[in-house]
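Data block below; observations after.
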Amino acid sequence: MSDFYENVFDVVRQIPPGRVTSYGAIARYLGSAGSSRMVGWAMNLSHHQQNYVPAHRVVNRNGLLTGKIHFGSPVQMEELLENEGIKVEEDCVVDFDSLFWDPVKELGGTFSNNF
DNA sequence: ACGTTGACCTATA
DNA sequence: GTATAGGCCAACG
């Protein structure tokens, strides 16, 4: 497994429950900004990983559940998200801006404790 | 091996 | 504000 995918899975696993992030955010965190597509591909491989990867917490920039189709069922992603406490309507995450979890801002080297 | 596609994002018109 | 173009890198046909 390439380190890239491993990092992606590691970041996705560290996403707190009830929170969501975008492919671009992960790609930027890995330093491969612009290669957001690779993150999506990594998610595709996440199903083959023995370690469970909450790919349902990863959505696109618009908060749209574009990858729900790649789950067991098209509604599987919505079920999981609602199970986490995230409201989903029209395949879109409600309050996505508030639920957005940026790995660069959270895990990003500088542990900003100035909260 | 070449061409196309893909769970995307950013920029310009 | 929407629409179109470009970029990115890996997998599939």
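The analysis underlying the following values was restricted to heavy atoms, covering all of them including side chains, and did not include hydrogens, waters or symmetry mates.
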Rounded to whole angstroms, how far apart are CH2 on A:Trp41 and C1' on C:dG7? 18 Å

Are a donor atom and an acceptor atom from the side chains of A:Asn83 and A:Glu79 found within less than 3.5 Å of each other? no

Which is true for A:Ala55 with a 4.0 Å heavy-atom rule: it touches a base, it touches only sugar-phosphate, or it touches nothing? base

Quick check for you: to the nearest 0.5 Å, what is the distance between A:Leu45 atom CG and A:Met38 atom CE? 10.0 Å

Value in whole Å for how far the C1' atom of C:dG7 lies from CZ of A:Arg37: 8 Å

Rounded to the nearest Å, what distance is computed from the CG atom of residue A:Leu80 to the P atom of nucleotide B:dA7? 19 Å

Options B:dC8, B:dG6, C:dA11, nucleotide nearest the side-chain atoms of A:Tyr5: C:dA11

Atom CG of A:Leu45 to atom P of C:dA11: distance rounded to whole Å? 7 Å

With a 4.5 Å cut-off on side-chain heavy-atom distances among I, L, V, M, F, W and Y, is there a chain of contacts connecting A:Val59 to A:Val53? no

Nucleotide C:dC12, atom P - distance to CE of A:Met38 in whole Å: 12 Å

Do A:His47 and B:dA7 share a donor-acceptor pair, side chain to base, under 3.5 Å? yes

Kindly point out which of B:dA7, B:dC8, C:dA10 is positioned nearest to the side chain of A:Asn60? B:dC8

Could you check whether A:Asn44 gets within reach of a base, just the sugar-phosphate, or nothing at all, counting any heavy atom under 4.0 Å? base

Starting at atom OH of A:Tyr23, determine the distance to atom C1' of C:dC9, rounded to an integer number of angstrom. 17 Å

Gap between atom OH of A:Tyr52 and atom NE2 of A:His47 - 0.5 Å precision: 9.5 Å

Shared ILVMFWY cluster between A:Leu65 and A:Val20, side chains joined below 4.5 angstrom? yes

Figure out the CG/P separation between A:Leu30 and C:dC8, and round it to whole Å. 17 Å

When you measure from the side-chain N and O atoms of A:Arg28 to the phosphate of B:dT10, is any distance below 4.0 Å, counting only OP1 and OP2? yes

Distance between the P atoms of C:dG6 and B:dT5, in whole angstroms? 16 Å

Measure from CG on A:Asn62 to C1' on C:dT2 and round the result to the nearest Å. 13 Å

May I ask you to say what A:Ser32 touches in the nucleic acid, namely base, sugar-phosphate or nothing, with a heavy-atom cut-off under 4.0 Å? nothing

Does A:Ser35 place a side-chain N or O at less than 4.0 Å from the phosphate oxygens OP1/OP2 of C:dG7? no

Which nucleotide in the list B:dG6, C:dA11, B:dA7 gets nearest to the side chain of A:Met43? B:dA7

